[in-house]
Amino acid sequence: MEYNFKDIEQKWQRYWKEHGSYKTGIRPDRPKYYVLDMFPYPSGAGLHVGHPLGYIASDIYSRYKRLKGFNVLHPMGYDAYGLPAEQYAIQTGQHPAITTEQNIRRYREQLDKIGFSFDWSREVRTSDPAYYKWTQWAFIQMFNSYYCHDRQQARPIAELVQRFEAQGSAGLNVACTEERSFSAAQWKAMTERERQETLMNYRIAYLADTMVNWCPQLGTVLANDEVVNGVSERGGYPVEQRKMRQWCLRVSAYAQRLLDGLETIDWTDSLKETQRNWIGRSEGAEMRFKIKGSDVEMNIFTTRADTLFGVTFMVLAPESDYVNALTTPEQRPAVQAYLEATKKRTERERQADKKVSGVFTGSYAINPLSGQEIPVWVSDYVLAGYGTGAIMAVPAHDSRDYAFARHFNLPIIPLIEGCDVSEESFDAKEGIMMNSGFLNGLTVPEAIRRAKEYVREQGIGHVKVNYRLRDAIFSRQRYWGEPFPVYYKDGMPYMLPEACLPVELPEVTKFQPTATGEPPLGHATRWAWNEKEQKIVDTSEIDHVNVFPLELNTMPGFAGSSAYYIRYMDPHNDRALVSREADEYWRNVDLYIGGTEHATGHLIYSRFWNKFLFDLGLVCEEEPFKKLINQGMIQGRSNFVYRINGTNTFVSLGLKDQYDTTPLHVDVNMVSNDVLDLDKFKAWRPEFANAEFLLEDGKYVCGWAVEKMSKSMFNVVNPDDIVERYGADTLRLYEMFLGPLEQSKPWDTNGIDGVHRFLKRLWGLFYDREGNLLVSDEPATAEELKSLHKTIKKVEYDIEHFSFNTSVSAFMICVNELSGLKCSKRAVLEPLIITLAPFAPHMAEELYHALGNETSVLDAAFPAYDEKYLVEATKKYPISFNGKVRFSLDFPAGWSKEEVEQAALTHEQTQKYLDGKAVKKVIVVPGKIVNIVL
RNA sequence: GCGUCUGUGGCGUAAUUGGUAGCCGCGCCAGACUUAGGAUCUGGUGCCGCGAGGCGUGGGGGUUCGAGUCCCCCCAGGCGCACCA
């Protein structure tokens with residue numbers, strides 16, 4: 001009987017669905033295990049063959065853990081809000097809700113065909129009001145919290161209010177946008193609006209005028225991780241810096257904890273390193289420089305306090321508040337002109353163009369150590385957003401300062417003995433100090449320490465840790481996102497009552513973004529808040545007494561994805577994000593599989609979000625994802641045909657160098673093992689209908705290249721097509737067989753037949769051609785048991801180490817061996833297919849039932865391998881196929897190599913195994929292992 | 001520039017974790033069964049050499065009885081950060 005994968009897969013998919021086989025609940029009697037995939041954006045293109053890679057791996061692991069007796073949570077959902085879904089909707093001219101719904105349906109169809117063990121009863125969609133109610137709710141909690149550095153946690157804002165009433169800002173050690181100082185009396189004297197403004201400085205979700213990445217083409221601001229090389233990650237549009245009033249999340253308050261937390265989780269070193277870089281901790285000193293003839297003092301941040309004696313000028317960022325204060329009347333026109341010129345340039349231009357530019361402010365700062373007067377300049381090489389937006393320049397030991405000094409002919413004072421600064425600066429933190437007063441003679445690290453102490457003792461400044469990580473900009477001028485639960489009264493934002501959540505996204509007539517930055521929600525007619533009646537009403541009712549405008553921005557894409565893993569634990573709870581019971585049972589994600597592209601976005605925001613909820617006592621684990629694996633990307637493998645220029649003749653790869661040709665992409669679905677299907681090609685496009693071919697060995701061989709998988713390269717392979725042709729089990733096995741999970745690799749169908757053949761051979765052990773079941777109850781031989789237990793051991797080890805490619809190989813070896821032995825015995829096959837069930841669930845289920853089992857293979861127990869069979873079998877069959885024998889031999893330490901060899905040769909073990917064969921070579925190892933090559 | 005990972009047959013990869021390379025699969029070669037085969041089965045297949053044998057894990061050095069694996073230097077590629085003071 002043929003292996004009919006189509007019938008088998010449909011049959012069992014239906015069975016699992018009807019039996020609710022994948023429904024999970026809290027089971028206190030079993031240990032839990034939470035396996036999570038990064039949920040997909042349902043884009044219009046559907047899934048290609050690369051998407052399921054991680055899903056297959058996590059599915060195998062989930063099924064394995066279940067066989068091992070764990071209660072496994074393995075949910076799936078959709079990240080349906082945010083730019084991608086909306087851009088697609090705009091391109092196709094349809095309402096995002098409709099296209100999103102369609103896309104989700106298509107994704108679901110594709111996912112279902114692959115036979116995943118997702119518990120779909122727990123599905124979440126970020127665009128579902130019942131879901132985003134909790135996104136809005138979390139935002140309200142953040143608005144009502146501040147971050148206390150002393151306690152290292154978020155605290156209710158009400159505590160801060162109490163404190164202000166009692167002692168003002170004295171002794172405050174909390175995260176804030178800017179340092180402020182006021183007394184209790186001053187606080188009490190403030191108006192409501194002033195108090196709100198003051199509190200805004202401390203809230204974890206706050207509204208502020210900040211420099212943002214504004215993208216005119218997308219009509220929205222973007223977070224730092226959404227901007228790559230100065231252009232938008234989506235679409236690649238230019239991004240400019242603008243000052244706008246935006247909602248922000250005070251992620252920076254958590255910088256140190258985000259850094260420390262990395263030590264406690266099992267992620268790859270490279271991913272942790274990426275996050276460390278992104279957080280960018282640097283220890284240094286913040287120092288005050290007095291300005292000659294002015295009361296203004298400028299604060300700067302430096303990691304090289306030791307180089308204070310080499311400061312020959314100061315530089316301000318163009319956006320710095322100091323610029324205005326320090327520009328002298330004579331210099332004002334020049335400075336103005338410079339600021340305008342800088343303003344016009346986009347971020348990309350500023351980055352790409354490394355030409356030195358700048359302007360003198362006219363002011364002089366006073367070096368607190370040497371008392372020297374040093375000029376203050378403005379230049380765009382200094383960033384407004386880092387440190388204080390002002391630096392002390394040490395051209396001898398900083399390459400950027402050096403370039404600036406050279407360009408404007410400013411003095412350069414070397415501070416390290418023997419360094420040569422005639423051509424370039426000496427940036428290394430090594431050597432002995434000179435020209436540096438009390439620091440002379442010290443090594444650089446010593447000098448850094450001494451200088452910091454000195455700065456503190458003299459009250460010139462203080463030691464400070466700076467982070468590169470900035471607060472996340474949380475508003476988007478877009479339609480397709482979560483609305484804020486916010487209304488504006490007297491120009492200040494207020495939260496809607498939690499009881500009124502969710503605030504549903506209103507209908508609008510025009511949802512396209514605008515280039516000027518007015519959010520599409522401005523078109524909404526029913527978008528005002530009646531404070532008295534506690535409900536959303538028509539905008540026409542806005543009267544400044546009871547009815548107020550609602551926030552027009554929406555939340556960014558990462559809002560909905562930041563806590564979805566928590567929601568899966570308790571997805572239908574309408575009274576809490578998650579019940580205490582569910583949270584305490586499921587705790588956090590044990591295994592998270594997803595792409596590395598979220599390293600500085602989602603994976604930072606989620607950790608922040610989770611830590612915030614942890615601080616509030618709402619979740620019991622501080623880190624959301626215990627172990628994380630990044631599956632590699634599947635690239636496309638494009639195929640080419642070679643057209644002889646000026647003709648309609650195509651020449652095969654091996655002959656193309658004899659002609660003058662142009663390569664053309666061909667659809668990879670018309671090519672098999674790099675051989676072109678000529679009929680399909682002729683039918684592909686009208687202009688190829690009369691194409692002629694120059695073949696080699698009767699075949700047209702195509703060229704190939706690895707490229708991104710995309711429609712324009714004609715190299716997109718759909719999982720559905722593979723399932724149609726080979727079945728889901730083959731697809732699953734093949735995707736794993738392709739190579740190590742974490743490695744990026746091109747999709748290459750060339751080897752898929754081998755995997756499919758393996759399944760057919762396994763089938764062949766159960767059924768003969770006529771469809772008779774061959775399986776017998778005969779006892780298994782030692783050799784057969786060896787094969788089985790070897791495989792179980794190997795596969796178990798491999799799954800635990802996420803080495804799925806080698807476990808597939810192990811299965812193939814086993815089936816080859818059993819085929820060779822013509823072994824169709826239940827005692828061997830039943831454990832084998834249970835072991836295989838995580839990989840090829842449909843086949844396993846079918847064969848498990850064929851053996852007469854009534855229950856699902858899902859509820860079987862993963863077989864335990866027995867070392868006994870391996871040992872016994874080894875004794876009986878000690879010589880492996882490559883002719884080596886290994887055993888232990890005790891011998892005195894002082895023996896020479898020759899003596900040991902002699903002993904090994906005459907040893908009874910050797911004699912037993914030799915069996916008349918000649919010994920080629922004896923290899924002796926001090927570890928008492930002897931290898932004998934026959 | 002800084003950080004990080006990787007480099008093995010024609011190709012994807014494997015190697016009991018320092019044990020004497022190339023498992024498994026693709027491809028290729030030969031054979032069997034077939035009207036036929038893009039089906040199935042069997043055998044072979046790192047390179048050089050007729051052969052004995054020699055050479056082989058990017059290159060060079062080192063540690064070791066023994067190195068694909070550990071250490072140092074270089075080369076190549078991938079990823080991350082990049083005027084972050």
Side-chain angles (χ1 to χ4, degrees), chain A residues 2 229 268-282 284-285 300-305 307 315 317 350-351 353-354 356 379-383 385-394 397-401 403-404 427 466-470 596-597 599-600 630 632-633 637 672-675 677 699 704 733-734 737-740 742-758 760-761 764 769 790 793-794 797 803 805-816 819-820 880-882 884 886 896-897 900 921 923-927 929-931 933:
Chain A
E2 282 285 299
N229 293 328
T268 60
D269 289 337
S270 74
L271 186 61
K272 286 186 186 181
E273 197 57 30
T274 301
Q275 290 213 339
R276 282 192 200 105
N277 281 339
W278 188 256
I279 296 166
R281 177 190 160 102
S282 61
I300 60 98
F301 175 76
T302 182
T303 53
R304 295 294 301 272
T307 58
V315 191
R350 267 170 82 160
Q351 276 182 19
D353 171 17
K354 302 224 162 160
V356 177
S379 174
D380 64 2
Y381 84 86
V382 174
L383 303 175
Y386 184 77
T388 60
I391 61 153
M392 62 178 216
V394 186
H397 302 293
D398 182 287
S399 55
R400 299 150 301 178
D401 298 345
F404 194 83
D427 291 15
N466 243 315
Y467 299 92
R468 207 189 71 103
L469 181 72
R470 320 253 187 101
T596 180
E597 66 272 18
T600 55
N630 293 120
M633 281 231 274
R637 187 180 188 278
S672 176
N673 288 342
D674 289 334
V675 175
D677 185 322
K699 291 184 288 196
W704 60 274
L733 283 166
Y734 187 59
F737 185 70
L738 224 40
E742 307 197 54
Q743 201 169 296
S744 284
K745 54 233 160 186
W747 175 260
D748 180 352
T749 325
N750 287 348
I752 200 164
D753 291 319
V755 172
H756 192 61
R757 202 169 293 144
F758 153 73
K760 285 199 275 192
R761 298 186 91 185
R769 283 176 195 283
K790 186 176 75 180
K793 182 180 181 181
K794 171 89 176 135
Y797 181 88
S803 174
N805 55 327
T806 53
S807 19
V808 177
S809 293
F811 283 120
M812 290 180 173
I813 294 168
C814 185
V815 168
N816 282 348
S819 297
S880 63
F881 50 89
N882 57 2
K884 275 174 224 155
R886 275 181 62 188
S896 71
K897 203 179 166 187
V900 179
K921 204 154 86 181
I923 299 151
V924 184
V925 178
I929 295 169
V930 178
N931 293 323
V933 183

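Order of the sequence lines fixes the chain letters, A, B, ..., with proteins taken first and strands second; residue numbering starts at 1 for each chain. Here the structure is a predicted model, which means the values were calculated and not measured.
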| In whole angstroms, how far is the C1' atom of B:G80 from the CG atom of A:Asn630? | 12 Å
| message | For a quick test of reading the model: is some side-chain N or O of A:Tyr381 closer than 4.0 Å to OP1 or OP2 of B:A85? | response | no
| note | Whether each nucleotide of nucleotides 25-34 of chain B has a protein heavy atom under 4.0 Å at its base (B), only at its sugar-phosphate (S) or at neither (-) is summarised, 5' to 3', as SSS-------
| query | Closest nucleotide of RNA chain B for A:Lys794 versus for A:Val808: which of these residues is on the 5' side? | reply | A:Lys794
| request: Please find out if less than 6.0 Å separates the ring center of A:Trp747 from that of A:Tyr734. | output: yes
| Please give, in whole Å, the distance from B:C83 P to A:Asp427 CG? | 15 Å
| task | Select base, sugar-phosphate, or nothing to describe what A:Pro740 touches, counting heavy atoms under 4.0 Å on all strands. | result | sugar-phosphate
| query | Is the shortest side-chain N/O distance from A:Arg468 to OP1 or OP2 of B:A85 below 4.0 Å? | reply | no
| remark: When rounded to whole Å, the OH to C1' distance for the pair A:Tyr797 and B:U16 reads 9 Å
| Which stems does RNA chain B form, counting runs of 3 or more consecutive Watson-Crick or G-U wobble pairs with both distances under 3.5 Å? | B:1-7 with B:75-81, B:10-12 with B:24-26, B:27-32 with B:40-45, B:46-48 with B:53-55, B:58-62 with B:70-74
| task | Mind calculating the distance between CG (A:Asp748) and P (B:G12) to the nearest angstrom? | result | 9 Å
| request: In whole angstrom, give the distance that lies between atom CZ of A:Phe404 and atom P of B:C83. | output: 17 Å
| task | Please measure how far the P atom in B:A30 lies from the corresponding atom in B:A21, and state the result in whole Å. | result | 31 Å
| Does A:Asn805 have a side-chain nitrogen or oxygen under 4.0 Å from the phosphate oxygens OP1 or OP2 of B:G12? | no
| request: Check whether any side-chain nitrogen or oxygen of A:Ser270 sits under 4.0 Å from OP1 or OP2 of B:G3, and answer yes or no. | output: no
| Within the side chain of A:Asp748, is there an N or O that forms a donor-acceptor pair under 3.5 Å with the backbone of A:Arg637? | no
